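First up is the structure itself, then whatever we jot down about it.
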Amino acid sequence: MLIKTLGNGFNHPVASEITDRAHYEGRRDILKLMATGAAGGVMASWASRQALAQSPGLVQRPGKLAALSAKPSTVAGATTMEKPTAYKDASTYNNFYEFGTDKADPAANAHTLKTSPWTVEIEGLVKKPGKLGLEELLKLSAMEERLYRLRCVEGWSMVIPWVGYSLADLIRHVEPLGNAKYVEFVTLADPKTMPFVGSRVLDWPYVEALRLDEALHPLTLLAFGMYGEVLPNQSGAPVRLVVPWKYGFKSGKSIVKIRFTDKQPATAWNKAAANEYGFYSNVNPNVDHPRWSQASERRIGEDGLFAKKRKTLMFNGYEAQVGQLYAGMDLKKLF
Ligand SMILES: Nc1nc2c(c(=O)[nH]1)N[C@H]1C(S)=C(S)[C@@H](COP(=O)(O)O)O[C@H]1N2
Ligand SMILES: [Mo]
């Protein structure tokens with residue numbers, strides 16, 4: 001049996017299946033079963049997935065949500081021919097410093113994150129400030145699936161099928177004022193559920209920001225899911241940003257506030273080490289990190305530790321789509 005219907009209306013693969021079937025390809029069979037009704041049709045409400053998301057276990061998957069059913073994106077550049085990273089790798093090797101600084105820490109610790117109820121507050125230079133509940137956010141635009149490369153500043157990369165919609169759809173909804181030039185993303189900092197908030201690694205909350213035109217670029221994704229399912233906590237549930245042409249740290253996880261400003265916001269990594277992490281942080285193989293090269297990268301799950309690395313591409317391979325945003329800028333100075 002592939003699918004077990006939980007009392008709370010949640011469908012998910014049983015544990016023994018998960019280990020073998022953690023790959024994206026495998027999921028398709030499961031979805032087919034669900035579509036034919038063989039698995040029991042009831043889709044979970046947002047709240048009812050809590051029980052599962054909070055159970056510790058590295059590759060336990062949160063499951064599907066009707067609101068997340070997505071069509072492949074038609075946005076230019078939103079799909080790559082590259083092979084998606086296995087779910088198991090993408091969900092157990094990442095950064096979410098609120099849960100620890102080791103790559104395995106977020107998957108091991110983020111089960112304490114409480115993702116429901118959740119609101120995102122819209123602040124600053126907009127016509128329509130206020131709070132948006134997660135359900136409102138989910139309904140704001142049509143969900144798309146996008147296969148994006150994401151490259152960490154540390155030199156590893158992944159290819160993940162995200163589910164969400166262009167952040168631009170939310171921005172247009174709240175109507176920025178003429179003097180809004182930047183968009184700041186403030187993420188959750190809850191010392192009760194996030195064991196490392198309070199450590200001195202970073203100045204909490206984790207804050208990131210984009211120039212308004214970067215935020216409006218159709219590739220900038222407000223993501224609610226990955227691999228056709230709700231985001232697992234360690235990947236930034238219930239809502240995060242994905243900015244594929246910038247280093248991973250620009251993509252804030254578990255966002256609680258979006259603020260429109262006229263001044264360039266101070267961002268967490270820039271405050272921590274301004275000489276290492278600039279405001280733009282576009283993936284640029286020609287600008288080394290002061291302590292290491294950025295010319296190549298290791299694809300998680302595919303290349304072994306000693307395998308030949310891949311060449312890192314300018315703007316992480318999205319130059320055709322986003323290069324224009326930086327016309328005339330000295331990207332060595334404004335790194
Ligand atoms: N709130 C928050 N968001 C965050 C981080 C973090 O520590 N806290 N780490 C960033 C970094 S450095 C990377 S590489 C990506 C990793 O995200 P992933 O789960 O998509 O791999 O999340 C980014 N977003
Ligand atoms: Mo990163």
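Each ligand, and each atom within it, is numbered from 1 in the order the structure gives. Since this is a predicted model, take the numbers as computed values, not measurements.
In terms of hydrophobic clustering, with Ile, Leu, Val, Met, Phe, Trp and Tyr side chains grouped at heavy-atom distances under 4.5 Å, Val75 and Leu68 are assigned to a common cluster. A single hydrophobic cluster is seen to contain both Phe249 and Phe315, as judged by linkage of ILVMFWY side chains at heavy-atom distances under 4.5 Å, directly or through other members.
With hydrogens left out, the protein atom closest to atom 24 (N) of ligand 1 is Ser251 O, 2.8 Å, a heavy atom. The protein heavy atom nearest to atom 15 (C) of ligand 1 is Gly248 O, 3.6 Å. Remark: minimum distance from atom 1 (N) of ligand 1 to any protein heavy atom is reached at Glu98 OE2, 2.9 Å. At the shortest separation from atom 3 (N) of ligand 1 among protein heavy atoms lies Lys253 N, 3.0 Å. Residue, atom and distance of the protein heavy atom nearest to atom 9 (N) of ligand 1 are Asn95 O, 3.4 Å.
Each of the atoms 20 (O) of ligand 1 lies under 4.0 Å from some heavy atom of Trp162. Near Thr187, meaning under 4.0 Å from one of its heavy atoms, ligand 1 places the atoms 1 (N). Remark: ligand 1 atoms within the under-4.0 Å shell around heavy atoms of Asn94 are 18 (P), 19 (O), 21 (O).
The residue among Phe96, Tyr206, Tyr277, Tyr97 with a heavy atom at the shortest distance from atom 10 (C) of ligand 1 is Tyr206. In this comparison of Cys152, Pro205, Ala107, Pro106, the heavy atom closest to atom 14 (S) of ligand 1 sits on Cys152. Nearest to atom 20 (O) of ligand 1 by heavy-atom distance, out of Arg240, Lys103, Arg151, is Arg240.
Comment: Glu98 does not engage Lys253 in a salt bridge, judged by the lack of any side-chain N to carboxylate O separation of less than 4.0 angstrom. With respect to Arg310 and Glu82, a salt bridge is recorded, a charged nitrogen being found less than 4.0 Å from a carboxylate O.
At a heavy-atom cutoff of 4.0 Å, ligand 1 is contacted by no atom of Trp269, backbone or side chain. At a heavy-atom cutoff of 4.0 Å, ligand 1 is contacted by the side chain of Met158 but not by its backbone.
Taking the six-membered ring where the residue is Trp, Phe99 and Phe96 present perpendicular rings, their angle passing 60° and hence far from 30°.
Remark: aromatic rings of Tyr277 and Trp269 are close, center separation under 6.0 Å.
Counted within 6.0 Å of NZ on Lys131, heavy atoms from surrounding residues, nucleotides or ligands total 12 or fewer; the atom is thus considered open.
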For a side-chain hydrogen bond (donor to acceptor under 3.5 Å, both in side chains) check, start with the C-alpha distance between Ser166 and Arg146, then their side-chain angles and the critical distance, and finish with the verdict. CA-CA 10 Å; Ser166 291; Arg146 302 185 181 186; 2.9 Å; yes
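Going from atom CE of Met194 over to atom OG1 of Thr187 covers 6.5 Å, rounded to the nearest 0.5 Å.
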